[in-house]
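In the text below, chain A, chain B and the rest are named by the order of the sequence lines, each starting its count at 1.
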Amino acid sequence: MTQPFLAGLNPEQLEAATLPHQSALILAGAGSGKTRVLTTRIAHLIQTGQASPAGILAVTFTNKAAKEMLTRLGAMLPINTRGMWIGTFHGLCNRLLRAHHREAGLPALFQILDSADQLGAIKRLLKALNVDDEKYPPKQLQHFINNTKDQGLRAKDVEAHDPYTRKQQELFAAYDEQCQREGVVDFAELLLRSYELLSRDASLRAHYQSRFRHILVDEFQDTNRLQYLWLKQLAGPDAAVFAVGDDDQSIYAFRGARVGNMQDFERDFGVDKVIKLEQNYRSHGNILDAANALIAHNRGRLGKNLWTAESTGEPIRLYEAANDQEEAQFIVDEAKALKREGIEFAHIALLYRSNAQSRVLEHALFNAGIPYRVHGGLRFFERQEIKHALAYLRLIGNTDDDGALLRVINFPARGIGARSLEQLQEIARQNQSSLWQAAKSGQLGGKAGTSIGSFLELIRAMQDTCEGLPLPEQIEHMLAQSGLLAHYQAEKDGADRVDNLNELVNAAVGFVNEIEDDSLVAFLTHAALEAGEHQAGEGSDALQLMTVHAAKGLEFHAVFLSGLEEGLFPHDNARNEADGVEEERRLMYVAITRARRRLYLSLAQSRMLHGQFRYGLASRFLNEIPENLLKRINPAPKAYYAPEKTTWAPQPTPAGSPAAYSRDSSSPWHVGQNVAHAKFGSGVIVNCEGSGADARVQVKFRNAGVKWLALEYAKLTPA
DNA sequence: ACTACGAGACTTTTT
DNA sequence: GTCTCGTAGT
């Protein structure tokens with residue numbers, strides 16, 4: 001039997017992919033071909049007859065990773081991957097719970113709450129119980145609930161030694177009851193429920209244990225306690241668990257990931273095979289050397305050293321700017337230069353530690369006319385208008401979904417105000433029923449009773465209309481009947497929202513074509529579990545902007561890593577946490593190893609953050625990269641930057657360029673000067689740089705925004 | 001029922 | 001600086 005897909009693997013990759021039936025831990029460094037090994041192993045198991053497609057369970061963290069795996073697998077083997085259990089932890093748990101909803105104590109059509117829905121549910125709970133949300137902030141309670149569940153624990157399992165924790169515990173229990181009553185399940189609950197189901201039901205457990213004799217886990221370092229427990233329940237005595245991970249890339253401890261699971265795994269699963277994938281196929285030598293040197297400062301690593309067959313390549317460029325705007329300008333200029341060298345913008349990434357940093361970069365890119373795409377941000381299914389539409393769909397499926405009902409009972413406005421709702425909620429409380437049941441009971445009189453009654457009729461009418469229709473048509477009718485579409489069409493800035501609502505119909509068409517299940521619940525589940533990147537600018541040649549977290553798993557020809565200052569990276573908040581700095585260092589390691597050929601590191605001596613100036617020292621991580629790998633690029637002499645109406649603090653003069661921040665007296669233009677431009681109108685100079693033919697000024701126009709202008713060409717007049 | 005204004009947040013985030 | 005949220009006012 002030929003297995004062409006095994007060709008080209010290095011010895012370690014080959015060994016891992018063809019390992020006999022036993023549990024194993026694969027330490028896969030950045031860029032070492034981990035996804036390839038995972039998919040190749042699955043293909044190998046199937047083709048050699050060691051496993052049938054149905055006998056394999058492969059679990060990832062993101063939908064993207066799961067999709068990637070399925071695509072690659074489909075290319076290797078002529079099999080239908082559809083029935084295979086390859087997916088995210090949440091996706092697989094959902095599948096399990098749908099199949100055994102009765103045993104799990106859930107309604108057949110249970111809905112999934114995303115984080116925002118969950119927060120809403122908690123706020124509602126606090127209000128119903130008359131709890132002071134100042135004393136028990138909803139966000140904090142949400143955190144408490146999710147954290148506890150992620151440990152595999154329920155409210156009753158919490159050890160409360162103080163009144164405050166006891167109250168949280170009590171609210172946690174009440175929250176779970178509320179969810180149960182409404183037939184909804186949050187993300188953590190998906191996992192906890194299916195874990196409890198497997199632990200409780202021996203025959204069900206035996207069934208799945210004998211079915212899945214091969215379990216493969218991606219990004220093992222990111223698993224939390226509960227996910228680990230879940231895996232342990234699913235893995236029977238003859239299961240071989242193939243865990244792939246990299247302790248150096250563990251950057252999600254803040255949300256419960258436990259690197260310790262890797263050591264536990266070796267012990268609990270009797271692992272005697274640990275394979276290290278250390279050959280990196282991505283980066284040039286200098287970049288890897290920098291990454292290795294940096295990560296060596298962490299203690300308690302499992303130990304791994306990346307190497308490459310590639311040449312050393314270019315040095316890592318380090319740039320220290322006077323301020324954040326200058327840093328952004330440097331990045332813009334270099335990106336342009338790279339583009340001239342033939343590197344596409346799409347292969348260049350601008351990375352930062354926190355989202356707040358993107359604004360200055362975007363601003364500079366916008367002024368330079370460079371196309372860019374920001375990753376992360378509002379997802380399609382999280383938009384307000386989409387949430388509203390989904391709430392109607394949820395109500396069609398399950399009228400007891402109080403969260404959904406409250407969201408749309410008065411949207412578009414139907415004269416059901418806060419007062420009517422309070423009455424309704426009071427009745428529901430007394431009857432121990434859902435809001436829908438309360439409304440139906442006829443205990444509401446007067447105007448409130450009538451308007452709420454007609455809302456009930458509206459939903460019932462929708463249910464009737466939708467009965468038996470294909471999903472996309474159901475959505476179209478709902479949009480019209482609910483008045484949502486009309487509402488946004490009438491709104492003056494509603495065009496985008498209308499587009500999105502129509503896009504929702506398209507999404508349903510795509511969904512129905514792709515998935516065999518075209519039920520409403522399946523679509524709603526899809527919406528909750530795959531909020532979707534679904535953003536503009538895809539496919540075009542645009543610079544890629546994202547946080548370092550979001551860059552994990554990706555690679556780029558050139559990477560700019562900005563904001564390398566103490567307090568930002570490592571972040572201030574990380575310094576107080578146990579092992580906080582080590583996690584930040586791993587984050588830095590992830591950032592560095594994204595670069596294939598060229599890496600820029602930059603920092604600013606001062607930057608605007610949260611509305612005020614902040615002066616940071618160079619990040620400690622810069623000192624952990626050997627000097628011989630670095631090439632320092634010195635800033636060209638610049639005029640100082642003085643923000644309008646801000647008390648300007650003198651900036652430290654960097655060594656080696658004493659004149660860098662003094663005013664250029666030879667230029668007739670200066671910061672703060674009022675000027676006029678033929679096309680853009682009047683404005684004020686906010687920045688100057690260069691001299692002679694290269695002289696440029698940045699002008700903030702009253703009506704035309706902020707623009708950089710070359711003095712040689714732009715006709716500016718003092719005003 | 002809609003708007004406007006002030007207060008407070010604000011690391012990272014997938015599901 | 002900018003966004004969200006909640007409340008008070010029209």
Give one of base, sugar-phosphate or nothing for N410(A), where a contact means two heavy atoms less than 4.0 Å apart.
sugar-phosphate
Does OP1 or OP2 of dG1(C) have a side-chain N or O of R359(A) closer than 4.0 Å?
no
OP1 or OP2 of dT15(B) less than 4.0 angstrom from a side-chain nitrogen or oxygen of R379(A), does that happen here?
yes
Whether N573(A) contacts dT12(B) is assessed here as follows: a side-chain N or O lying under 4.0 Å from the phosphate OP1 or OP2. Is that the case?
no
Hey, is H571(A) stacking on dT11(B)? Ring centres under 5.5 Å, planes under 30°.
yes
With the side chain defined as heavy atoms from C-beta on, N63(A) is closest, among dG1(C), dT15(B), dT12(B), to dT15(B)
Could you check whether F61(A) gets within reach of a base, just the sugar-phosphate, or nothing at all, counting any heavy atom under 4.0 Å?
sugar-phosphate
Lys/Arg-Asp/Glu bridge criterion (N-O < 4.0 Å) met for E565(A), R614(A)
no
Using a strict 4.0 Å threshold on nitrogen-to-oxygen distance, state whether D324(A) and R359(A) make a salt bridge.
no
On DNA chain B, compare the nucleotides closest to R414(A) and E584(A); which residue's is nearer the 5' end?
R414(A)
Scan D114(A) against the nucleic acid and name what it touches under 4.0 Å (heavy atoms): base, sugar-phosphate only, or nothing.
nothing
Spacing between R193(A) atom CZ and dT15(B) atom C1', to the nearest angstrom:
17 Å
So does R124(A) pair up with D117(A), basic N to acidic O under 4.0 Å?
no
Check: P137(A) main-chain N/O paired with D133(A) side-chain donor or acceptor under 3.5 Å:
no
Interatomic distance, L119(A) CG vs dT4(C) C1' [rounded to whole Å]:
12 Å
For the pair made of NZ in K127(A) and C1' in dT7(C), what is the distance, rounded to whole Å?
11 Å
So, OP1 or OP2 of dT12(B): does either fall under 4.0 Å of a side-chain N or O from N355(A)?
yes
Over all strands shown, is I416(A) touching base, sugar-phosphate only, or nothing at heavy-atom distances under 4.0 angstrom?
sugar-phosphate
Are D222(A) and K552(A) ion-paired here, with the side-chain N under 4.0 Å from a carboxylate O?
yes
Start with the C-alpha distance between Q118(A) and N146(A), add both sets of side-chain angles, then the distance that settles side-chain hydrogen bond (donor to acceptor under 3.5 Å, both in side chains), and finish with yes or no.
CA-CA 10 Å; Q118(A) 184 189 32; N146(A) 291 340; 2.8 Å; yes
Do S115(A) and dT15(B) share a donor-acceptor pair, side chain to base, under 3.5 Å?
yes
Between C1' on dT11(B) and CE on M546(A), what's the gap in Å once rounded to a whole number?
18 Å
Please give, in whole Å, the distance from dC5(C) P to K123(A) NZ?
6 Å
Closest listed nucleotide, where the reference is the side chain of T547(A) and the choices are dT15(B), dG6(C), dT12(B)
dT12(B)
Rounded to whole Å, the NE2-C1' distance (H549(A) to dT12(B)) equals 4 Å
Closest nucleotide among dC2(B), dG1(C), dT13(B) to the F254(A) side chain
dT13(B)
From the options dT11(B), dT15(B), dT2(C), select the nucleotide whose nearest atom is closest to the side chain of R353(A).
dT11(B)
What is the distance, rounded to the nearest whole Å, between atom CD of Q325(A) and atom P of dG1(C)?
12 Å
In whole angstrom, what separates M608(A)'s CE from dC10(B)'s C1'?
15 Å
